[in-house]
Amino acid sequence: MAKRRIGILTSGGDCPGLNACIRGVAKASYELFDAEIVGIQDGYRGLIQGQWREMERGEFSGILTLGGTILGTARTPYRNMRVIEEDEVNKVEEMKKNYKKMKLDCLVTLGGNGTHKTANLLAQEGLNVIGLPKTIDNDIYGTDVTFGFHTALDIATDVVDRIHTTANSHGRIMVIEIMGNKAGWLTLYAGLAGGADIILLPEVPYQEKYVLEAIRRRQEDGKRFTIIAIAEGAKNAQEGAMKKKEFRASRAEMPFSGVSYRLAHDIENELGCETRVVVPGHIQRGGSPSAYDRVLSTRFGTYAAQLIRDEDYGKTVALRGTQVVANALEDIAGKTKLVPSDSELITAGRMIGVSFGDE
Ligand code: F6P
C-alpha cells in the first residue's frame, strides 16, 4: 500500500461542513492508502509559523455534524503573501520550508477564493496541493456549489420566514442584511426561498427610487409590510459605477454601519413608515451543517482522497451538474463566480413580482 503523508488546513472565514469534509478526506485516505495526517493550525498562518501536529485516526470520528473547524482558521490575505512585512518573515519561503519539515506528500487546503489563490501560488512554487471549495458565499469559480452555502441558506431563509410574522403584526418595512460582499447568491436564494418582496444584490446596482416605488405599490395593494433582503455588499447605481478603490473609500466614509442601515434610514425619511434592520451576521456561518452540506462535504473530501491516491495534484474539487469533478487550480484561482445579471433566478423573481431595485 502506498504511503502518503497529508497536511490539512482550513483557511479564511469558517462555515458549516469543514469538519465533515476533513473527516471525508481522512477516512477515505485511511481506506485508500497508508495515510499519515498532519493537522495545520489556523490555516496558512499555521503553515507559515510552523504550528502543526500529527493527528490520530480517532480525531476524525464524531465530527460529521460539528460546526466550525477542529483545525482553527484565520484570514491570511493572499495580497500580502509575497509582501515582506514588519516581522520580516518571507511567508512563501516559510510555507515551503515547513511543508518540507513536515515531510508532506501533499497539502490539502479547505477554503474560499483567497485560499485558492494561495493554494495555486504554492502549487506554482512546486508543492503538491489540492483545494476544497468552502464558503457560504457560493462564489468559487468552476463549481456549481460550495459546501457551507446550503446550510447558510437554510439559516438565512429561516430569518426571512420568521421576520414575516413580526413585520405583519407591526405593519413595518423590514430590511434583512444577508452575508455576501461581492456575490449575492445567498441573498438571492434566501430572498426567493423566504418570499422577500425586494432583493438587492451586489451584482445588480439598485436605485432608491425603484425600491421606494416597490414599497408604495405594495402599500397601494393593501399590504401591511414589505420585506427587503439586501446583501451586505449591495450597491446603489452611483456606487455601481465606481472603480474598486473609489467604492471602498466611499463605503469607509458612509455614516452608517452598513448598507442596510442607510437604506432603512432613507425609507423612513422618504415614506415615513416604521422600518427596522435585521442583521443575522455570523449566525449564518454557525452551527451544524445541513444534511445537504454533510453529504456534499463528504463527497468532496473523499474525492480529494482519490486525487491524492492518484497523485493528481494542482487540482480543486468541484460539483458540475450531479458529478464531482476536479478543476486545475490555475484555471479557477483569481476568478469569482458572481450572479449573472441575466440569471434565470432573477428572471423567476421578476416574474413573481419581486423588485431588484433596478427598474
Ligand atoms: O466569505 C464568507 C463571509 O461570511 C462573507 O459573506 C462575509 O462578508 C465575510 O465572510 C465576513 O468575514 P469575517 O468573518 O472575517 O467578519
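Order of appearance sets the numbers: ligands from 1, and atoms from 1 within every ligand. Residue numbers count from 1 along this sequence.
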I need the atoms of ligand 1 closer than 4.0 Å to a non-hydrogen atom of G180, numbered in the order shown. 6 (O)

Would you tabulate the side-chain donor-acceptor contacts of residues 192-201 under 3.5 Å, counting partners in other chains and residues two or more places apart, or write 'none'?
residue : atom : partner : partner atom : Å
D197    : OD1  : R218    : NH1          : 2.9
D197    : OD2  : I227    : N            : 2.7

Any heavy atom of R75 under 4.0 Å from ligand 1? The part involved is side chain

Test of understanding: given a 4.0 Å heavy-atom threshold, classify the contact between L186 and ligand 1 as side chain, backbone, both, or neither. neither

Kindly identify the option in T146, D137, D14 whose heavy atom sits closest to atom 1 (O) of ligand 1. D137

Output the list of atoms in ligand 1 that are nearer than 4.0 Å to some heavy atom of E232, sorted by atom number. 5 (C), 6 (O), 7 (C), 8 (O)

Residue N181 vicinity, atoms of ligand 1 by number, heavy atom under 4.0 Å: 8 (O)

For N327 and R320, test the side chains for any donor-to-acceptor distance below 3.5 angstrom and give the result as yes or no. yes

Please confirm whether the ring centroid of H164 lies under 6.0 Å from the ring centroid of F225. yes

Looking only at distance, does M179 have an N or O less than 3.5 Å from an N or O of ligand 1? no

Please determine whether any non-hydrogen atom of H282 lies less than 4.0 Å from an atom of ligand 1. yes

Using only heavy-atom distances, determine whether the side chains of R172 and T166 contain a donor-acceptor pair under 3.5 Å. no

Please tabulate, for the side chains in residues 58-65, all donor-acceptor contacts under 3.5 angstrom to protein atoms that are two or more places apart in sequence or on a different chain.
residue : atom : partner : partner atom : Å
E59     : OE1  : R53     : NH1          : 2.8
E59     : OE1  : R53     : NH2          : 2.8
E59     : OE2  : R53     : NH1          : 3.1
E59     : OE2  : E56     : N            : 2.8

Kindly indicate whether the side chain of K117, heavy atoms from C-beta on, has any atom under 4.5 Å from the side chain of L121. no

Among all protein non-hydrogen atoms, which one is nearest to atom 11 (C) of ligand 1, and what is the separation to 0.1 Å? R285 NH1, 3.5 Å

Decide if the gap between the ring center of F149 and the ring center of Y189 is smaller than 6.0 angstrom. yes

Does G112 have a non-hydrogen atom less than 4.0 Å from ligand 1? no

